[in-house]
Amino acid sequence: MKQELSDKRDLRPFVYGGLASIIAEFGTFPIDTTKTRLQIQGQKHDKTFSQLRYRGMTDAMIKISREEGLKALYSGIWPAVLRQATYGTIKFGTYYTLKSVASEHGLLVDPDTGNERVWGNILCAAASGAISSAIANPTDVLKVRMQVHGKGTQQQSLWACFYDIYKYEGVRGLWRGVCPTAQRAVAIASVELPVYDFCKLQLMGMFGDHVANHFVSSFIASLGSAIASTPIDVVRTRLMNQKPVTVVNGMVTAATAQKIYTGSIDCAVHTVRNEGFLALYKGFIPTWVRMGPWNVIFFITYEQLKKY
């Protein structure tokens, strides 16, 4: 840990974070697609998704593969990769850079015990999560739109999808759901990164700085971040999926037929009122199932890149 904090501030944490994020995204993306489909179903104002089409993660994955083809499980993979190239790069690079700066100024390490202050780690993680997610929000919107509609958009390129959103919804459409996205990123980063660093340090005596340590620490961190972030993720997904306009034969009309959420709180209130509190945890299992392998792949890759 001390060696990490004494590393020079350079571009390596950013590069390693981006590469490890992209590799982890490819390995777990089908689970993310099922999570997104589960989160948007059951909305009372949307006839398309008002009926519960999928009974769970496994059922969703089977039905999507059978009805739309295996390719549909990777609908939205390229905006997801683009997102990780920006979000992952900025998030992890900023986190470890902020830790290094805080350590040099004596703000991170407790002089009495020599251990890192928990609140210092949390502040560094929260700041890196908020900044990176806000910048990468347009790629998140693209990913959600392509995942939700799967078969209907799998022939549409990334840039065509981007152009449609910009043409019919403007720049604001690309930053739809940015508030819950930033809130989710803060919740995930504030739990995931400090918990990983803490567990890794505590397990040094048992496993050393080896793959077994990285595996256990990352899996524990994923459970905490899944619990903290799922309600925000449900709200974020629903806000990103809604469209303020409809397009029929090239003509743009206001989407008066469907109720549009006015914001994060309005979406959360309507979700709980119409579907119950547990609706905020729709997609929790695939969220955790995805976060577990994603974190394992990411942190093991990141640690190996640091070594070699």
Side-chain angles (χ1 to χ4, degrees), residues 17 21 24-25 28 31-32 34-36 38-40 57 80 83-84 87-88 90-92 94-96 98-99 116-137 140 143-144 177-202 214-240 263-269 271-272 275-299 302:
S21 297
E25 194 71 15
T28 60
I31 304 174
D32 187 56
T34 62
K35 178 211 70 173
T36 301
L38 289 170
Q39 286 179 335
I40 55 94
M57 182 184 71
R83 176 181 183 271
Q84 292 302 337
Y87 172 71
I90 298 170
K91 173 183 173 181
F92 293 100
T94 301
Y95 173 66
Y96 288 111
L98 288 176
K99 285 185 63 175
E116 293 182 350
R117 294 187 174 98
V118 175
W119 63 263
N121 275 339
I122 293 176
L123 288 178
C124 291
S128 64
I131 294 170
S132 57
S133 63
I135 294 174
N137 197 78
D140 230 356
K143 177 178 75 75
V144 169
V178 67
C179 288
T181 297
Q183 293 163 0
R184 173 181 180 270
V186 169
I188 290 177
S190 298
V191 174
E192 178 183 85
L193 298 176
V195 168
Y196 174 80
D197 284 347
F198 176 80
C199 291
K200 178 185 172 184
L201 182 62
Q202 297 302 313
H214 308 153
F215 179 91
V216 176
S217 299
S218 58
F219 196 76
I220 294 173
S222 69
L223 174 59
S225 57
I227 294 173
S229 66
T230 298
I232 304 173
D233 194 33
V234 170
V235 171
R236 176 190 72 105
T237 299
R238 292 187 172 194
L239 286 175
M240 285 183 172
S264 302
I265 296 177
D266 182 61
C267 180
V269 169
T271 298
V272 173
E275 304 166 55
F277 177 78
L278 290 180
L280 293 175
Y281 276 89
K282 282 186 174 181
F284 172 77
I285 297 299
T287 295
W288 185 28
V289 169
R290 178 178 183 267
M291 277 187 171
W294 197 100
N295 280 329
V296 168
I297 295 171
F298 170 83
F299 282 111
Y302 183 87

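The CZ atom of F299 lies 14.0 Å from the CZ atom of F219; values are rounded to the nearest 0.5 Å. Taking CD1 of I285 as the start and CE of M57 as the end, the distance is 7.5 Å to the nearest 0.5 Å. Atom OG of S133 sits about 9.0 Å away from atom NZ of K91, to the nearest 0.5 Å. With rounding to the nearest 0.5 Å, the separation of CZ in R290 from OG1 in T28 is 4.0 Å. From I220, atom CD1 reaches atom CD of Q202 across 10.5 Å, with rounding to the nearest 0.5 Å. Annotation: the span from L193 atom CG to S128 atom OG amounts to 6.0 Å, rounded to 0.5 Å.
The shortest distance between side-chain heavy atoms of V235 and T271 does not fall below 4.5 Å. Between N121 and Y95 there is a side-chain heavy-atom pair separated by less than 4.5 Å. Using a 4.5 Å heavy-atom cutoff, the side chains of L278 and F284 are not in contact. No side-chain heavy atom of F298 sits less than 4.5 Å from a side-chain heavy atom of E25. In this structure the side chain of M240 reaches within 4.5 angstrom of the side chain of N137, judged on heavy atoms. Looking at heavy atoms from C-beta onward, Y281 lies out of side-chain contact with T287 at the 4.5 angstrom threshold. W294 is listed as a side-chain neighbour of S21, based on a closest heavy-atom distance under 4.5 Å. Looking at T94 and S132, their side chains never come closer than 4.5 Å, going by heavy atoms from C-beta outward.
Applying the side chain to side chain contact (heavy atoms under 4.5 Å, CB included) test to V186 and every residue at least two apart in sequence or in another chain returns A126, A130, S190. The side chain to side chain contact (heavy atoms under 4.5 Å, CB included) check on S229 picks up R184, I188, M291, with sequence neighbours excluded. Every side chain to side chain contact (heavy atoms under 4.5 Å, CB included) that L123 has, sequence neighbours left out, goes to W119. A search for side-chain hydrogen bond (donor to acceptor under 3.5 Å, both in side chains) contacts involving Y302 returns nothing, not counting sequence neighbours. Taking Y87 as the reference, nothing meets the ring pair (Phe, Tyr, Trp, His ring centres under 6.0 Å) condition, with sequence neighbours excluded. In this structure V118 satisfies the side chain to side chain contact (heavy atoms under 4.5 Å, CB included) test together with I122, sequence neighbours excluded.
Contact record, G292 with S222: CA-OG, 3.4 Å, taken as the closest heavy-atom pair. The minimum heavy-atom distance linking T230 with A226 is given by the pair OG1-O, 2.7 Å. Considering all non-hydrogen atoms of both residues, N295 and A221 come closest at ND2-C, 4.4 Å. Closest approach of G129 and A185 over heavy atoms only: O-CB, 3.3 Å. L239 and G177 get closest at one heavy-atom pair: CB-CA, 4.2 Å.
Ring geometry for H214 versus Y196: interplanar angle of 30 to 60°, hence tilted.
In this structure, S218 contributes its side chain and F215 its backbone to a donor-acceptor pair below 3.5 Å. For the pair T34 (side chain) and I31 (backbone), a donor-acceptor distance under 3.5 Å is present.
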Worksheet item: Yes or no on side chain to side chain contact (heavy atoms under 4.5 Å, CB included) for K35 and D233, after CA distance, side-chain angles and deciding distance?
Response: CA-CA 10 Å; K35 178 211 70 173; D233 194 33; 2.9 Å; yes
